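Below: one structure, written as structure tokens.
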There are 2 protein chains.
Amino acid sequence: MLILQFLFNWHHMRLESRAKTAIVLGNKINESNLDGEYQFMKNQFTVSCQACSLSELCIPNSLSTSEMDIVDATIKRAEPIQKNKSIFEDGDKFLSLYAVRSGAIKSFSIDEKGEEHVIGFYLPGELIGLDAIDTGIHNHTAKALETSSICEIPYEQVEYLSGKISKLQKHMFRLLSREIHEDQELQLLLSKKTADEKIGAFLINLSARYKQRQLSPTSFRLPMPRTDIANYLGLAVETVSRVLTRLQDQLILSVDGKEVEILDAQKLCQVSHMDCSNI
Amino acid sequence: MLILQFLFNWHHMRLESRAKTAIVLGNKINESNLDGEYQFMKNQFTVSCQACSLSELCIPNSLSTSEMDIVDATIKRAEPIQKNKSIFEDGDKFLSLYAVRSGAIKSFSIDEKGEEHVIGFYLPGELIGLDAIDTGIHNHTAKALETSSICEIPYEQVEYLSGKISKLQKHMFRLLSREIHEDQELQLLLSKKTADEKIGAFLINLSARYKQRQLSPTSFRLPMPRTDIANYLGLAVETVSRVLTRLQDQLILSVDGKEVEILDAQKLCQVSHMDCSNI
DNA sequence: CGGCATTTTGAGCCCTCTCAACGAGTGTGG
DNA sequence: CCACACTCGTTGAGAGGGCTCAAAATGCCG
């Protein structure tokens, strides 16, 4: 437990000043110490939505406490999911949405040639599976990039409660709409931007998401390997690597393996040709 | 009126056999003959959802007739919108969703350098503006590619009625989800495919959408200019042109300006590396 | 320490872009 | 009726960004 406590504090140190509640993100726990880990994770998992530091990002957002209790009761908190394990697989029946509580998830599909296509990365507070509501069948596989904890939210309940609680319905519409909007932004990125712009925008996006989660927007750990970044952005791994070293040479970034520090956010935004108001 | 009747029949001839109701699509009416056009269009516009041949693609889908009447009452049927006129502009307040009834719409945004970025094309029965629900502000401009008719659906009513009619809520969730899924497919297309594959997939997609609308899947008119296709797919106009002539040389397509005929759907799918089960 | 996965670096090539010119179609005004 | 301007689509030649192939370097885990 000491090691865990240390990790806990270590992450805490990196939190922005105004953060009071702890979020464990990218928390790589030594897997040989499973007993302690389980205890720790379980405590984390049994936290109610009300007590969850992510609630303002997640489904319960904007609900009253009594309404939140109702939603809370339908959410299953599963055991932590280990690195490289799947939450669901492509073709599985769609029964639940999944909210990431800690860790990081990637979703991808496999084409007829056996090639993997990374669709997206999910950080704590984000919802997985919205694309499967229509057909009732998952189009992608969701796999843990690191040991993660997940809240399972039965979709039938979401539908039912949305009819009862108009705020929840409103929230669901907005969540779905936001996903559409973000996907459209990504389309723009993928179709019109150069490799440097893609990588830059990707880092700025991650930075903003970490900031939302009260984590440092300038210093963070990439939860995914280079191959996944390349795949996601439609680049070759070699290109990703080259761009990162180039940005490092320009003193915009400092990259050490998966650890990234943004040294010059202003310049990074310039290189990416992006609006910098949100960083 | 005679010319209109002719156009009407002409389109009818191109319908698939089982089509009984007429859909006017890509209908370019002589704009100098406005009186007749208006009369014709107005008749078209006052059609109720129940009588609308697109209802199975549009919002009313899967509602009972009495429920459909309720939804129907909230839908405003505006005057036809002329080519190059906007339905709404980027930055406008989001108040309504818009369903295309006839014609074709493109949506796009303008970046800081004044460059246009085409986000999507909308055919009859498709819903515009779903991406703006979240922020309440339109992110794009929606412009008519040809004279089009549009149903305006006040979003407040959609929210309200979705709370009352659970089937409608379900349908809205599915619509939003489908849009997400389609956007993700497009991301894959944009990031991983070659120019030939992009064009091929684009044509197959259009073909499938025309088929859904009881129009010929093998012979249709592109409602948008080459520049918009190129922009949408992240290609140069010249590349689009070159690929089309190449596909023509291979006897896969026959292209005459905006008029396209798919001569060998099988081969087109092969070239696009796509699943052909839906064509 | 040794084996394996991941990341980096280098060299050469190809697809697609850019630039440029031309042809076709359309609307306008003389 | 024709000349002109303008938009749109096509075609050609050359250049460049990112990919592929190859190999070394680094990190990770047993």
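Throughout, protein chains are lettered first and strands after them, A, B, ... in sequence-line order, and every chain is numbered starting at 1. Please read all numbers here as calculations on a predicted model, not as lab measurements.
- Salt bridge status for Lys143(B) with Glu89(B): absent, with no side-chain N to carboxylate O gap under 4.0 Å.
- A donor and an acceptor atom sit less than 3.5 Å apart, one in the side chain of Arg242(A) and one in the base of dT20(D).
- Nucleic acid contact class of Leu244(B) (heavy atoms, under 4.0 Å, all strands): none.
- OP1 or OP2 of dC17(C) sits under 4.0 Å from a side-chain N or O of Thr239(B).
- Rounding to whole angstrom units, CG of residue Asp196(B) and C1' of dT16(C) are separated by 11 Å.
- Between Glu238(A) atom CD and dT9(C) atom P the separation is 12 Å, expressed in whole Å.
- For Thr227(B), no side-chain nitrogen or oxygen approaches OP1 or OP2 of dC8(D) to under 4.0 Å.
- Note on Lys198(B): nothing from the nucleic acid sits closer than 4.0 angstrom, heavy atoms only.
- Listed pair Arg226(B) / dT10(D) meets the phosphate criterion, a side-chain N or O lying under 4.0 Å from OP1 or OP2.
- In the set dT18(C), dT9(C), dT7(C), the nucleotide with an atom closest to the side chain of Pro225(A) is dT7(C).
- The pair Glu116(B)-Lys106(B) meets the salt-bridge criterion, since a charged nitrogen lies less than 4.0 angstrom from a carboxylate oxygen.
- The distance between atom CD1 of Ile199(B) and atom C1' of dT10(D), rounded to the nearest whole Å, is 14 Å.
- Taking 4.0 angstrom as the limit, Ser241(B) places none of its side-chain polar atoms (N or O) nearer than this to OP1 or OP2 of dT11(D).
- Across the protein-nucleic acid pair, Arg221(B) atom CZ and dC8(D) atom P stand 13 Å apart, rounded to whole Å.
- Atom C1' of nucleotide dG25(C) and atom CG of Asp256(B) are separated by 12 Å, given to the nearest angstrom.
- Looking at Lys192(A) and Glu115(B), no side-chain N of the basic residue comes within less than 4.0 Å of a carboxylate O on the acidic one, giving no salt bridge.
- For the pair Glu126(A) and Arg101(A), the salt-bridge criterion is not met [side-chain N within less than 4.0 Å of a carboxylate O].
- Checking Arg246(A) against Val255(B), the closest nucleotide of DNA chain D that is more toward the 5' end is the one next to Val255(B).
- The NZ atom of Lys192(B) sits 15 Å away from the C1' atom of dC19(D) (whole-angstrom rounding).
- In this structure, Leu145(A) places its CG atom 12 Å from P of dT6(C), rounding to the nearest Å.
- Under the 4.0 Å criterion applied to side-chain N and carboxylate O atoms, Arg221(B) and Glu261(B) are not assigned as salt-bridge partners.
- We find that CE of Met224(A) is positioned 21 Å from P of dA5(C), with the value rounded to whole Å.
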